[in-house]
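Written below as structure tokens is the structure these notes are about.
Basis for what follows: all heavy atoms, side chains included, without hydrogens, waters or symmetry-related copies.
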Amino acid sequence: MNSFQEKVYEIVKKIPKGKVLTYKKVAQRAGRSKAWRAVGNILAKNKNPNIPCHRVIRTDGKIGGYNKGARKKIELLREEGNIIKDGKRFDSKK
DNA sequence: CTAATGACCATTA
DNA sequence: ATAATGGCCATTA
């Protein structure tokens, strides 16, 4: 079944380790540049463990939410080499 | 079909 | 810096 949700899943699945995408970017890649809200909803209801939904963060650099808790999400992102401070992600580049 | 929901975004105060 | 407001879209009840 083809749907926006499936596209989102595919995109999130393809996010490499140590990299993160914003909800907006995922929406753009999915073909609905303004459907960031729907993206959040889909990931929120997502139960598929194959999808690293913890690699999707907000545009402001904040982490956003997570099924298992935002705290856990931050932990996972740190494990992947990301720099997070005060609930915000700082890019490695200067 | 309509209405409500939400892991959001941008603007304004 | 934070808080409130409006907009935006797929999904669900």
Side-chain angles (χ1 to χ4, degrees):
Chain A
M1 133 185 203
N2 287 359
S3 58
F4 183 69
Q5 163 173 268
E6 192 171 282
K7 289 182 195 164
V8 171
Y9 285 149
E10 285 295 305
I11 291 164
V12 174
K13 253 189 242 171
K14 285 176 183 170
I15 300 176
K17 181 185 173 205
K19 179 104 182 184
V20 296
L21 284 181
T22 64
Y23 294 97
K24 198 191 217 164
K25 280 187 180 176
V26 172
Q28 283 179 345
R29 273 182 78 154
R32 301 284 184 277
S33 47
K34 291 172 197 159
W36 51 69
R37 275 251 204 155
V39 172
N41 270 342
I42 289 163
L43 294 179
K45 289 176 183 166
N46 166 42
K47 297 252 189 68
N48 194 326
N50 294 34
I51 298 171
C53 35
H54 61 271
R55 292 188 187 152
V56 184
I57 63 173
R58 304 197 352 175
T59 303
D60 301 358
K62 282 204 168 157
I63 302 307
Y66 193 51
N67 266 342
K68 291 169 115 204
R71 225 208 71 127
K72 182 74 179 172
K73 187 168 175 181
I74 292 171
E75 215 170 305
L76 286 168
L77 288 172
R78 279 186 177 162
E79 285 286 321
E80 304 214 335
N82 290 301
I83 302 168
I84 298 171
K85 182 167 192 168
D86 264 347
K88 292 187 186 140
R89 174 180 179 272
F90 288 77
D91 211 319
S92 311
K93 71 178 181 185
K94 186 155 88 60

Read 5' to 3' with Watson-Crick or G-U pairs under 3.5 Å, [ ] for crossing pairs and | for partners on another strand, DNA chain C gives .||||||.|||||
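Atom CG of A/Asn48 has more than 12 neighbouring heavy atoms from other residues, nucleotides or ligands inside a 6.0 Å radius.
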Return a single string for nucleotides 4-13 of chain B, one symbol per nucleotide in 5' to 3' order, where B is base contact, S is sugar-phosphate-only contact and - is none, cutoff 4.0 angstrom on heavy atoms.
-BBBBSS---
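The side-chain heavy atoms of A/Pro52 and A/Val12, taken from C-beta on, include a pair separated by under 4.5 Å. Residues A/Val20 and A/Ile15 have side chains not in contact (no heavy-atom distance under 4.5 Å, counting atoms from C-beta outward). Here the side chains of A/Phe4 and A/Val39 are in contact, with some heavy-atom distance below 4.5 Å.
Residues A/Tyr23 and A/Leu77 do not share a hydrophobic cluster, clusters being chains of Ile/Leu/Val/Met/Phe/Trp/Tyr side chains in contact below 4.5 Å. Put simply, A/Ile42 and A/Leu21 are part of the same group of oily side chains (I, L, V, M, F, W, Y) that touch within less than 4.5 Å, one to the next.
Screening A/Lys73, A/Arg71, A/Lys72 for a side-chain hydrogen bond (donor to acceptor under 3.5 Å, both in side chains) with A/Glu75, the sole residue that qualifies is A/Arg71.
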